[in-house]
Amino acid sequence: MRSQIKIFSQYVKDYMAPPLVVLQADAKVSDLVDRMAHSAASSALIVTHDHRLNGIVTGSDVIKRVALRCEADTPVTAVMSSPVRSVRGSDHLFHALRRMHQYNLDKLPVVDSARRPIGIIRLSDVLSATVEPILSYGSTDGDEEGTGGLKRIKESQVDLADQLLRDGMPATEVQLLLSQINRYIHKEVLETSLAKMEDGGWGHPPVPFAAIIMGSGGRSESFLNPDQDNGFILGDYADDRHGRIDPYFIELAEQVTLDLDEIGFPLCDGYIMATNAGWRKTLPQWQEQLAYWRRKPSLIIIRQADIFFDFQAFYGEDTLSRDLRRYVANFGKASPAFLKEMHVEESSQLGVALDLFGRLRDEKHDPEHEGELNLKYSGTIPLTQSVRLLALREGIEETSTLARLDHLNSLGSVDKSEMQRLRDAYSRIAALLLRQQIRDIRDERKPSYYIPIKSLSQWERQTLAESLKSIAEFRKRVDEELTGVV
């Protein structure tokens, strides 16, 4: 059955905007600046003499590479980024979404079959095409001012997930779409808060910053009940300016987190939010924080690191988030003792939901959930933790579990058959969890990660046990590699 959700049934060419600025490769920087300023464009596409896409110059490129650094007659090829990612007009919208996610982009050039640019597709347009039809599932009554419309989008995700799973969409693809919609909501809330602060006399942000989402949201593996795990990366500033700068970001964080809570993202019980000074730091301070974690590992620090290491930016100065992501990758490669400590602590806390005979093991120690499986803490987390540790050891910058597995396979750390077993295991467990959460919400229960064993068919029990066995075997291998104990 083909999905009727627009992102899977419609094409990039129907949602693209025309490129505002296209320049030949022999154009000068002065031409570039004039054209971008005149058209108020945030980027320019550079083409070869036969009009094939050759590169792109973004607004940040102009600031970093052009302003005060280039002569007016410098060729645009000296300041462009190349090669440039693109999509075809004949691609489905979901292909554009996946490509933007893969490379952390908010827009992509659109090309024809000869790679000639024909337009630009923006992430906001792709997501609008997704959420516009699902809004019809919810009530149109009520206040749409403030957070009202975003709350309806959040609530409508259950209908979206339900339809896509019924259409046969893999659970991991559903998670990706849910995660991107959640980031869209976060960005809208933050931009609204910035506008309110400016109207309220706070002015513009006193230093550049990036807003990040962590945990499952950073991995693009959201289910239907995520809480808030967010933070800020601030541009560096002198210590004597702290009293003037930090109050601005405290106020911004409070507005953002309260609005997100109202929309349906509960405040984090562990206080992992930008309202906490520990999650609101300059880039050098984040680097110092990692050094401290390496020197003083503890259970609390390891739990914080688990969440932080999966961060991705959803707003702001991309160089800050890219620099910190690169630093984290290098940190992992240079910190084998810390990774071992993380593994030992994590292994002592969690295991897969199998008994000694390889049968499904329910939560017998918890009377409230006897006969049920917690497939987050004894299913997906044991896998995501182990994959994260190997990815950190190899200096991999990707954050999603499946992308990390692909990269580990390309490096020879995970062979193809093991990679496929683990991909299948994650996808099967994610599907069971999403379907259970949909049932919970339909029955007006708080969605959780507990699944009654009796609700599973015999085939589902068998394949789930096989999936958990694959995860257990992988964790054992990771244990041997990180601890040196066979």
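Residues Gln175 and Tyr426 have side chains that bring a donor and an acceptor to within less than 3.5 angstrom of each other. A donor atom on one side chain and an acceptor atom on the other are not found under 3.5 Å apart for Thr384 and Glu221. Under 3.5 Å, the side chains of Glu363 and His365 contain a donor-acceptor pair of N or O atoms. Residues Gln420 and Asp424 bring a donor and an acceptor atom of their side chains to less than 3.5 Å of each other. When only modelled atom types and interatomic distance are considered, Gln458 and Gln462 share no side-chain donor-acceptor pair under 3.5 Å. Donor-acceptor pairing under 3.5 Å is recorded for the side chains of Gln385 and Asp306.
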Throw together a table of side-chain donor-acceptor distances under 3.5 angstrom for residues 287-304, partners on residues two or more places apart or in other chains.
unit_1, atom_1, unit_2, atom_2, d
Gln289, OE1, Lys281, NZ, 3.2
Arg294, NH1, Ser335, OG, 2.6
Ser298, OG, Ile301, N, 3.3

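The structure places NZ of Lys333 at 12.0 Å from CG of Leu392, a figure rounded to the nearest 0.5 Å.
Taking 4.5 Å as the limit, every side-chain heavy atom of Ile471 sits out of range of all side-chain heavy atoms of Thr380.
By the 6.0 Å and 45° rule, Arg280 does not stack over the aromatic ring of Phe249.
Heavy atoms of other residues, nucleotides or ligands lying less than 6.0 angstrom from CG of Asp269 number 12 at most. When the shell of 6.0 Å around OH of Tyr377 is examined, it contains 12 or fewer heavy atoms from other residues, nucleotides or ligands. Heavy atoms from other residues, nucleotides or ligands lying under 6.0 Å from CZ of Arg361 number more than 12. Counting heavy atoms of neighbouring residues, nucleotides and ligands inside a 6.0 Å radius, atom NZ of Lys154 exceeds 12 of them.
Sorted by first and then second residue, the salt bridge (charged side-chain N to carboxylate O under 4.0 Å, His left out) pairs involving residues 394-418 (not counting sequence neighbours) are Asp310-Arg404, Asp406-Arg423, Glu418-Arg477.
Checked for salt-bridge contact, Asp440 and Arg445 meet the test: a charged N lies under 4.0 Å from a carboxylate O. Between Arg326 and Asp323, at least one side-chain nitrogen of the basic residue sits less than 4.0 Å from a carboxylate oxygen of the acidic one, meeting the salt-bridge criterion. A salt bridge between Asp162 and Arg166 is present, with a side-chain N of the basic residue lying under 4.0 Å from a carboxylate O of the acidic one.
A donor-acceptor contact shorter than 3.5 Å links the side chain of Asp355 to the backbone of Arg359. In this structure, the side chain of Arg122 does not engage the main chain of Asp106 through any donor-acceptor pair within 3.5 Å. Between the side chain of Asn409 and the backbone N or O of Met419 there is no donor-acceptor pair closer than 3.5 Å. Remark: the backbone N or O of Ser86 is paired with a side-chain donor or acceptor of Arg99 at under 3.5 angstrom.
Below 30°, between 30° and 60°, or above 60°: for His186 and Phe265 the angle between ring planes is above 60°, a perpendicular geometry. In this pair, Phe308 and Trp279 present their aromatic rings tilted. The plane angle is within the 30 to 60° band.
Taking the ring centroids of Tyr315 and Phe209, they lie under the 6.0 Å cut-off.
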Go through the steps to decide whether Ser220 and Arg183 satisfy the test side chain to side chain donor-acceptor pair (under 3.5 Å), and finish with yes or no. CA-CA 9 Å; Ser220 295; Arg183 291 190 200 181; 2.9 Å; yes
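Tested against Val158, the residues Ile438, Leu434, Leu178 include a single side-chain contact (heavy atoms from CB on, under 4.5 Å) partner, Ile438.
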